Amino acid sequence: MAAEADILEELRRLRARVPQLTGAVAAGSDGLVLAQDTPGVDPRAVAALTTTALDLATQLTDATGQGEVRELLVRGVYGYVATYTAGRTALLTLLAQDRVNVGRLHLEGRRAGARIAELVEAATAPPAKPPAKVPAKPAIPRTRATRASRAKPAEARVPAAEPRTAAPETPAAPTAARTTES
């Protein structure tokens with residue numbers, strides 16, 4: 001994967017931010033190792049077991065109605081194993097000493113998981129196609145009428161209209177009265 005170096009760098013920065021970390025593995029949801037920084041621990045075994053444990057955790061959250069699995073924390077006598085989902089296709093597993101601040105472990109693990117998700121998605125996304133060029137519309141030629149002068153010739157001028165006077169009203173015609181005989 002093209003992002004392996006970037007993921008490995010993120011794992012190293014994570015270990016620098018949380019000194020009690022003893023190892024970190026980024027794996028695909030299929031259990032294949034993407035990058036690892038785990039001295040003394042087989043990263044393929046950690047990735048495979050993490051995938052299996054997450055599958056069981058998914059069954060547990062489904063059965064109890066808790067929604068999609070986000071993280072898994074296991075505490076042993078000598079320390080912690082914390083797993084965080086990194087997008088839809090990757091996982092981040094952290095190994096930490098027993099004296100680690102668990103709140104800090106979660107905070108940094110979630111951040112690193114989100115960053116790894118971005119790196120994995122960027123590496124697996126199909127290359128963006130350049131936008132198709134839309135043919136340009138032909139330009140409509142503009143013509144401009146020439147004007148010699150803005151003043152109208154004397155013959156074209158119309159004299160101003162004379163004011164109208166109101167016409168005298170004509171009285172209404174008398175109406176014939178109807179007479180009725182009794």
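From a predicted model like this one, the values you see are computed outputs, not experimental measurements.
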May I ask you to say whether Arg75 pairs ionically with Asp98, meaning some side-chain N is under 4.0 Å from a carboxylate O?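 Here Arg75 pairs with Asp98 in a salt bridge, since their nearest N and O are under 4.0 Å apart.
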
May I ask you to decide whether Glu10 forms a salt bridge with Arg17, counting only side-chain N to carboxylate O separations under 4.0 Å?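 The answer is yes: the pair qualifies as a salt bridge.
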
Please report the closest heavy-atom contact between [X] and [Y], naming both atoms and the distance.
X      : Y      : value
Pro43  : Thr38  : CB-OG1, 3.8 Å
Ile116 : Ala86  : CG2-CB, 4.1 Å
Ala96  : Leu21  : CB-CD2, 3.9 Å
Leu34  : Ala90  : CD1-CB, 4.1 Å
Ala57  : Leu72  : CB-CD1, 4.2 Å
Leu92  : Gly109 : CD2-O, 3.6 Å

Using only heavy-atom distances, determine whether the side chains of Thr89 and Ser29 contain a donor-acceptor pair under 3.5 Å.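 There is no such pair between these side chains.
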
Find the distance between [atom1] ([X]) and [atom2] ([Y]) and round it off to the nearest 0.5 Å.
X      : Y     : atom1 : atom2 : result
Glu4   : Gln36 : CD    : CD    : 9.0 Å
Glu9   : Asp37 : CD    : CG    : 10.0 Å
Thr83  : Leu95 : OG1   : CG    : 8.5 Å
Leu105 : Gln20 : CG    : CD    : 9.5 Å
Leu60  : Asp55 : CG    : CG    : 12.5 Å
Glu68  : Thr61 : CD    : OG1   : 8.5 Å

If hydrophobic clusters are built by linking Ile, Leu, Val, Met, Phe, Trp and Tyr wherever their side-chain heavy atoms come under 4.5 Å apart, do [X] and [Y] end up in the same one?
X     : Y      : value
Leu73 : Leu94  : yes
Leu91 : Val120 : no
Tyr80 : Val69  : no

Quickly, which of Arg104, Arg110, His106 forms a side chain to side chain contact (heavy atoms under 4.5 Å, CB included) with Glu108? Name it, please.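 Running side chain to side chain contact (heavy atoms under 4.5 Å, CB included) over Arg104, Arg110, His106 with Glu108 returns exactly one hit, Arg104.
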
Linking Ile, Leu, Val, Met, Phe, Trp and Tyr by side-chain heavy atoms under 4.5 Å, what else ends up with Val77?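 Reading the cluster by chain and number, Val77 sits alongside Tyr78.
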
Just jot down the side chain to side chain contact (heavy atoms under 4.5 Å, CB included) partners of Ala47, sequence neighbours excluded, or say none.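 So Ala47 forms a side chain to side chain contact (heavy atoms under 4.5 Å, CB included) with Val25, Ala27, Val33.
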
Neighbour count >12 (heavy atoms, 6.0 Å) for atom CZ, Arg13: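 Above 12, so yes.
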
Indicate yes or no: at least one non-hydrogen side-chain atom of Thr50 is less than 4.5 angstrom from one of Val46.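 The answer is yes, as the side chains (C-beta and beyond) meet within the 4.5 Å cut-off.
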
